[in-house]
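Have a look at the structure below, then the notes.
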Amino acid sequence: MQGGQGQLIEILLVDDNLDDVEFIQLAFYEARVTNRIHHAADGEAAIAFLQDPSTPRPDLILCDLHMPKMDGSEVLQVIKHDESLKTIPIIMLTSTGVEQELQIYKNYTNCYSLMKPVSFGNFIQVLVQIETLWLQIVS
């Protein structure tokens with residue numbers, strides 16, 4: 001699978017857990033979603049990436065909710081209040097449940113349903129759905 005017009009899907013993965021990063025990268029590979037994943041280890045690094053004119057604009061942002069320096073909710077708030085960034089689809093990832101779900105939706109996240117860690121097979125199915133919904137239909 002590829003993004004619209006056969007181009008690579010540019011994904012910004014914001015997560016401080018390197019095991020989760022490797023898991024997600026492998027799942028995208030197994031799901032055959034043609035992509036280039038850029039990794040930011042925390043929220044501050046994500047914002048720096050997004051504001052750097054020399055980096056590609058992501059087609060999708062996958063952002064962990066709980067991170068050091070700047071958490072996912074703060075990242076979401078910055079992105080959705082920036083005219084040049086606010087149209088990028090964002091999917092929040094969490095391993096702790098839905099205690100902040102209402103606040104995340106108030107801050108305009110596009111999806112808040114990915115729990116980690118999940119089984120590898122189920123995660124691949126989720127990625128295929130993400131690719132279909134956000135990267136072919138929405139964009």
Please name the pair of heavy atoms, one in Ser84 and one in Asp82, separated by the smallest distance, quoted to 0.1 Å.
OG-OD1, 2.6 Å
Is the shortest side-chain heavy-atom distance between Ile47 and Ile79 below 4.5 Å?
yes
Residues at least two apart in sequence or cross-chain that pass side chain to side chain contact (heavy atoms under 4.5 Å, CB included) with Ala41, listed by chain then number, are His39
Report the distance from atom CD1 of Ile37 to atom CD1 of Ile9, rounding to the nearest 0.5 Å.
10.0 Å
Taking every non-hydrogen atom, the tightest pair across Pro58 and Ile88:
O-CG2, 3.7 Å
Hey, which of Leu50, Leu62, Leu65, Ile61 is the one that makes side chain to side chain contact (heavy atoms under 4.5 Å, CB included) with Val14?
Ile61
Can you tell me how far the CD atom of Glu83 sits from the CG atom of Leu85, to the nearest 0.5 Å?
10.0 Å
Looking at Pro56, is its backbone amide N or carbonyl O close enough to the side chain of Arg36 to form a donor-acceptor pair, meaning the two atoms are under 3.5 Å apart?
no
Using only heavy-atom distances, determine whether the side chains of Asp52 and Ser54 contain a donor-acceptor pair under 3.5 Å.
yes
Go through the steps for Asp64 and Asp16 under the test side chain to side chain contact (heavy atoms under 4.5 Å, CB included), then give the verdict.
CA-CA 8 Å; Asp64 186 20; Asp16 62 318; 3.3 Å; yes
Tell me, do Glu10 and His38 make a side-chain contact under 4.5 Å, heavy atoms counted?
yes
Quick one: does Asn35's side chain get under 4.5 Å of Tyr29's, heavy atoms only?
no
Are any side-chain N or O atoms of Asp42 and backbone N or O atoms of Pro68, one a donor and one an acceptor, separated by less than 3.5 Å?
no
Side chains of Lys80 and Leu76: does their closest heavy-atom pair fall under 4.5 Å?
yes
Measure across Cys63 and Gly72 and return the closest heavy-atom pair with its distance rounded to 0.1 Å.
SG-CA, 3.7 Å
Measuring only between side-chain heavy atoms, which start at C-beta, is Leu93 closer than 4.5 Å to Leu13?
yes
Rounded distance (nearest 0.5 Å) linking atom CE of Met67 with atom CD of Glu74:
8.5 Å
Nearest 0.5 Å, what's the NE2-CG distance between His66 and Asp15?
11.5 Å
